[in-house]
Amino acid sequence: MNLADSEEMAAHLLLRGYALTDNLDEADLALVNTCTVRDHAEHRALSFLGRLRQWKREKEGRHIIFAGCAAQRLGEKLKKTFPYLDLVSGAREIDHFASLLDNSGLFSAAQGGEAQPHGITGYVTIMRGCDFACTYCIVPSVRGPVHCLPSADILAQAAQKARSGCPEIMLLGQTVNAWKEDGKTFADLLNEVSALPGVQRVRFVSPHPAFITPQFLAAVENNPKIARHIHLPVQSGSTKVLREMKRGYTRETLLEKIDALKERGFALSTDLIVGFPTETEADFEETLSLVQRAGFSAAYCFKYSPRQGTPAAQMKLLPEKILEERLDILLNKVKGLAEAAYAAQVGKEKEVLMESPNKGRTSDNFWAQTQKSYTIGTVVRSRIASAEDTLLMTRD
């Protein structure tokens, strides 16, 4: 989602005469788009902003824009700490980024044309914000409540990206499958996007388990263009901990939905938090057993990190040693499951969407390497010959 926001902001700058560079030394403008989900991420962004002071001094006319969730949380007081900062654009202001540039007096007027996407995946934000109130999460306070973008705008943007050479469309939102519009559901939107000319595959992130509905399951089951992979953040396998996190589901309902997805051929990845303040050894064991049952092909695992302004930040933290031990156990469990998931693909025929001449991803999100070279963006059907850790090798 931050990548999509960065591309959207960069597009407005491209239309005002800028070009992208990976070399900070040759840049005239630094756009710093930030995350604040974890305290460490925010500190890294602020540290980088501090280092940009010398960069700005080295060449006249350089500018710095600080954007995203950390910018939303810290606001205009950033300019008091970093007086050389030119513009602050919070996460809730991205839809008004063009006006911010125009009103600053620092940039020329936008010229006509469309910015071209990078790579084969076109990122399309379909909603912003979150209506949940998870006790550990700061996102709702910086992103605000759910705001669903109009389907007409979503389809127009997806169509433009497909025309520009993106055969894969990635739909984005904090709780992406909660999107709705006048009786139209996320399942309807998936089908409409997949029907656009040039679209060969549709992905989405991040769904919430509460919105894995029968209608959604029917849509994905009957539409082969919808990728057979879902990143489903479960956070914990303990009903007690899930209740204290205010996640809105139990272990039992979570497993029912995981089973329903697996029955339809989905590979699953997830997010997991270890060491939530009330997590007992028994709670942690429930997480391990759920992870085993789900057979996740990948997982992002984190030690609990308190965020200022969230209810859980007031709870007593578990000892760091326990957090480290549990994280190590979980990471080893996930590593073994990922290797097993890749090994289980050997002998199967897969459709690989090429992201480089010799490498791409299957519909269920496994990386595959081909023996022959293919045009980037094409879909190659090939049988899997072997699995090397987390890379499939094809027989083509």
Side-chain angles (χ1 to χ4, degrees), residues 34-47 69-70 73 130 132-142 174-175 205-210 231-255 257-258 268-341 389-390:
T34 63
C35 175
T36 192
V37 168
R38 305 187 78 223
D39 192 53
H40 180 62
E42 185 174 298
H43 282 302
R44 285 182 61 196
L46 293 174
S47 177
C69 288
R73 195 180 83 80
C130 180
F132 284 85
C134 300
T135 56
Y136 58 85
C137 185
I138 197 171
V139 167
S141 66
V142 293
Q174 266 70 35
T175 52
V205 77
S206 285
H208 192 283
H231 184 80
L232 192 68
V234 302
Q235 309 303 358
S236 173
S238 162
T239 292
K240 177 178 75 69
V241 173
L242 291 170
R243 185 182 303 116
E244 288 155 351
M245 288 179 167
K246 291 190 176 180
R247 287 292 293 166
Y249 51 83
T250 65
R251 173 190 176 88
E252 290 70 30
T253 58
L254 189 56
L255 285 171
K257 295 182 180 191
I258 287 172
L268 282 79
S269 57
T270 192
D271 296 334
L272 295 159
I273 297 172
V274 299
F276 188 75
T278 61
E279 183 186 78
T280 64
E281 189 65 34
D283 294 326
F284 178 62
E285 289 295 330
E286 285 200 273
T287 293
L288 291 178
S289 67
L290 183 138
V291 168
Q292 181 69 45
R293 165 87 173 270
F296 294 116
S297 58
Y300 296 98
C301 306
F302 305 94
K303 294 183 296 183
Y304 169 73
S305 174
R307 294 301 287 119
Q308 182 182 357
T310 63
Q314 310 304 316
M315 299 178 181
K316 184 179 179 181
L317 300 178
L318 295 177
E320 182 67 19
K321 182 181 179 181
I322 290 179
L323 268 65
E324 291 285 355
E325 289 174 349
R326 291 180 184 174
L327 181 61
D328 187 57
I329 292 169
L330 181 59
L331 287 171
N332 283 324
K333 167 74 77 174
V334 167
K335 183 175 184 292
L337 290 172
E339 291 173 353
D389 292 328
T390 52

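Just so we're clear, the structure is a prediction, and the values are computed from it rather than from any experiment. Side chains included, hydrogens not; waters and symmetry mates left out as well; all remaining heavy atoms used.
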- Note on the structure: Value for OH (Y300) from CG (L272), rounded to nearest 0.5 Å, stands at 12.5 Å
- Distance-minimising heavy-atom pair for T287 and G237: OG1-N, 2.9 Å
- Could you tell me whether the side chain of R247 reaches within less than 4.5 Å of the side chain of P233, counting heavy atoms only? yes
- Task: For a side-chain hydrogen bond (donor to acceptor under 3.5 Å, both in side chains) with E244, tell me which candidate from T278, T135, T239 qualifies.
- Result: T278
- Message: Can you tell me how far apart CG (L330) and NZ (K335) are? Round to the nearest 0.5 Å.
- Response: 14.0 Å
- State, yes or no, whether a side-chain contact exists between L327 and C301 at a heavy-atom distance under 4.5 Å. yes
- Looking at side-chain heavy atoms only, is the closest gap between V139 and C69 below 4.5 Å? no
- Message: Within the 4.5 Å heavy-atom criterion, are E339 and D389 side-chain neighbours or not?
- Response: yes
- Task: To the nearest 0.5 Å, tell me how far T250 OG1 sits from R243 CZ.
- Result: 8.5 Å
- Message: I'd like to know whether S289 forms a side-chain hydrogen bond (donor to acceptor under 3.5 Å, both in side chains) with R251, so could you lay out the CA-CA distance, the side-chain angles of the two residues, the decisive distance to 0.1 Å, and finally the verdict.
- Response: CA-CA 11 Å; S289 67; R251 173 190 176 88; 2.8 Å; yes
- Query: So which heavy atom on C35 is nearest to which on A70, and how close?
  - Reply: O-CB, 4.3 Å
- Message: Could you check whether E286 pairs with K240 (Lys NZ or Arg NE/NH1/NH2 to Asp/Glu carboxylate O, under 4.0 Å)?
- Response: no
- Do H231 and D271 have side-chain heavy atoms sitting under 4.5 Å apart? yes
- Message: If you define the side chain from C-beta out and look only at heavy atoms, does anything of I258 sit under 4.5 Å from L232?
- Response: yes
- Please name all residues satisfying ring-ring contact (aromatic ring centres under 6.0 Å, His included) with F284, sequence neighbours left out, ordered by chain then number. none
- Message: So which atom in V234 and which in L242 form the shortest heavy-atom distance, rounded to 0.1 Å?
- Response: O-CD2, 3.5 Å
- With no hydrogens and no angle check, is any side-chain donor or acceptor of N332 less than 3.5 Å from a backbone partner on D328? yes
- Message: Given 3.5 Å as the limit, does a donor-acceptor pair link the side chain of E279 with the main chain of G275, or not?
- Response: yes
- Task: Determine yes or no for a side-chain-to-main-chain donor-acceptor pair under 3.5 angstrom, with S297 supplying the side chain and L268 the backbone.
- Result: yes
- Query: For the atom pair CG (L288) and OG (S238), what is the distance rounded to the nearest 0.5 Å?
  - Reply: 11.5 Å
- The single option from R307, R44, R73 passing salt bridge (charged side-chain N to carboxylate O under 4.0 Å, His left out) against D39: R307
- Item | Minimum heavy-atom distance T34-A45, with the two atoms named | CG2-CB, 3.6 Å
- Quick one: pull up CD in Q235 and OH in Y249 and give me the separation to the nearest 0.5 Å. 6.0 Å
- Note on the structure: In terms of heavy-atom contacts, P277 and M315 come closest through CB-CB, 3.6 Å
- Message: Distance check, rounded to the nearest 0.5 Å: E325 atom CD versus E320 atom CD?
- Response: 10.5 Å
- Item | T310 side chain reached by Y136 side chain, heavy atoms, under 4.5 Å | no
- Message: Looking at every heavy atom in both F276 and L318, which two are closest together, and how far apart are they?
- Response: O-CD1, 3.6 Å
- Before giving the answer on side-chain contact (heavy atoms from CB on, under 4.5 Å), spell out for K303 and R326 the whole-Å C-alpha distance, their side-chain angles and the decisive distance to 0.1 Å. CA-CA 9 Å; K303 294 183 296 183; R326 291 180 184 174; over 6 Å; no
- Message: Within the structure provided, determine whether Q308 and E42 are in side-chain contact (heavy-atom separation under 4.5 Å).
- Response: no
